[in-house]
Number of protein chains: 2
Amino acid sequence: MNVENALDILKDEGYKFTSKRRDIIQLFVEEDRYLTAKDLLLNMEPHYKGISFDTIYRNLHLFHELGILESTELNGEKHFRLKCNHEHHHHFICRNCGITKEIEHCPMEKINNELKHYMVEDHKFEIYGVCPTCQ
Amino acid sequence: MNVENALDILKDEGYKFTSKRRDIIQLFVEEDRYLTAKDLLLNMEPHYKGISFDTIYRNLHLFHELGILESTELNGEKHFRLKCNHEHHHHFICRNCGITKEIEHCPMEKINNELKHYMVEDHKFEIYGVCPTCQ
DNA sequence: AAATTATATCGTAATGATTCCGATTTGTAA
DNA sequence: TTACAAATCGGAATCATTACGATATAATTT
């Protein structure tokens, strides 16, 4: 997923191009890690004085719906990162900077027979800690 | 973990016995599933008119610290349940009622070599869906 | 290029979960 | 039973998030 991909998705779905949207996506591409709404606001404010929370949250949710971003919840705050659009995997997540490392193993493969009669809708496997850079 | 166990832990650590604390623990023992602060409040209000949020939250966190409860975060709300104090495992969690089913397999066993140089502090493996009763 | 229209944004208020705090009450130990 | 620390109350404060009317702007049409 790069900036052009994401903007094409927006265009194809009939959403308008704005420089704020471009910059939000660009930030995610550059940072390549989990960011919060507040992170975004702090990054955008210098270039767009008075930018509204509404704009940030509305676009985060839009991008999430359109499959441009994926999200997780850490310490009561939603975090977003660019969607990994290759094969299914999980993440180690650095609690300090939000950077991720892919974990190829998916535990769901091992347990399908344990949940007969249960309707399985989703699963989450995340490893938390500190990345080498932040140590 | 039963009511006596939990009250003993409180006593041993020098905390006072109150009927509210007994009833909170009793509720968790009876329900044996994930509950929110609001669930607790609704359950307690009929017997303790005017019970304060402060009391609920303070005790939930105390019980969590003391290892009486474990917690997870679902839809931006903290959920608590009695701590399972036998061997390490994970849970299927019903999104409707909060009931859990144990999953014996722990994915961490498979991946210790993938995270050289990463400081691993914690992990979460949860499966979400609807339990047979709620379907 | 100007007019039109639907979408995006702003500014700010509302909401919901959680935390904080001074005043009061209540277990527990002496 | 008294004394004191801990627990609770009542309500305000905080933090993340959502909502909304008014205004601005991108894209489309004339």
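Values in this document were obtained by computation on a predicted structure and should not be read as measured data. The sequence lines fix the lettering, A, B, ..., with proteins before strands; numbering per chain opens at 1.
- Contact between the side-chain N/O atoms of A/Thr55 and the OP1/OP2 oxygens of C/dC10 is found at a separation under 4.0 Å.
- Other residues, nucleotides and ligands contribute at most 12 non-hydrogen atoms within 6.0 Å of the CZ atom of A/Phe53.
- Closest to the A/Phe53 side chain, of the nucleotides D/dA5, D/dC9, D/dT18, is D/dT18.
- The distance from atom CD1 of A/Ile24 to atom C1' of C/dA8 is 11 Å, rounded to the nearest whole Å.
- Contact annotation: B/Tyr57 reaches the phosphate of C/dT18 (side-chain N/O to OP1 or OP2, under 4.0 Å).
- With distances taken from any side-chain atom of A/Glu77 to the nucleotides D/dA16, C/dT7, C/dA17, the minimum falls on D/dA16.
- Spacing between atom CG of A/Asp39 and atom P of D/dA16 amounts to 11 Å, rounded to whole angstrom units.
- The side chain of A/Asn59 approaches C/dT9 more closely than any other nucleotide in the set D/dC9, C/dG11, C/dT9.
- Following rounding to the nearest Å, B/Leu40 (CG) and D/dT8 (C1') show an atom-to-atom distance of 16 Å.
- At a threshold of 4.0 angstrom between heavy atoms, the contacts of A/Arg58 include nucleobase atoms, whether or not backbone atoms are also involved.
- Within the structure, a side-chain polar atom (N or O) of B/Lys38 is placed less than 4.0 Å from OP1 or OP2 of C/dA17.
- The interatomic distance linking A/Leu60 (CG) with D/dA16 (P) rounds to 14 Å, in whole Å.
- Taking all atoms of both residues into account, the shortest heavy-atom contact from A/Phe28 to A/Phe80 is CE2-O, 3.2 Å.
- Put simply, CD on A/Glu13 is 12 Å from P on C/dA8, counting in whole angstrom units.
- When each of A/Asp54 and B/Phe17 is assigned the nucleotide of DNA chain C bearing its nearest heavy atom, the one mapping closer to the 5' terminus is A/Asp54.
- Between B/His91 and B/His89, the ring planes are perpendicular. Angles over 60° get that label, and only those under 30° would be called parallel.
- Taking 4.0 angstrom as the limit, A/Lys78 places none of its side-chain polar atoms (N or O) nearer than this to OP1 or OP2 of D/dA16.
- Each of B/His123, B/Lys124, B/His105, B/Lys101 was scored for a side-chain hydrogen bond (donor to acceptor under 3.5 Å, both in side chains) with B/His90, with one residue passing: B/His123.
- Residue A/His61 places at least one side-chain N or O under 4.0 Å from the OP1 or OP2 atom of D/dT18.
- With DNA chain C read from its 5' end, the first of the two nearest nucleotides for B/Thr18 and B/Gly76 is the one closest to B/Gly76.
- Map B/Gly14 and B/Lys49 each onto its nearest nucleotide of DNA chain D; the residue landing nearer the 5' end is B/Gly14.
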Step-by-step ring pair (Phe, Tyr, Trp, His ring centres under 6.0 Å) determination, B/His88 to B/His86: CA-CA 7 Å; B/His88 178 72; B/His86 50 286; over 10 Å; no

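- Note: CG (A/Leu62) to P (D/dA19) measures 15 Å, nearest angstrom.
- For the pair B/Tyr48 OH and D/dT8 C1', the interatomic distance rounds to 12 Å; values are reported in whole Å.
- Checking the phosphate oxygens (OP1, OP2) of D/dC15, no side-chain nitrogen or oxygen of A/Asn75 falls inside 4.0 Å.
- At a cut-off of 3.5 angstrom, counting only N and O atoms as typed in the model, there is no donor on one side facing an acceptor on the other between the side-chain of A/Lys20 and the base of C/dA8.
- Separating the CG atom of B/Leu41 from the P atom of C/dT18 is a distance of 12 Å, rounded to the nearest angstrom.
- Separating the CZ atom in A/Arg58 from the OG atom in A/Ser52 is a distance of 7.5 Å, to the nearest 0.5 Å.
- Between B/Lys11 and C/dT28 there is no side-chain polar atom (N or O) within less than 4.0 angstrom of OP1 or OP2.
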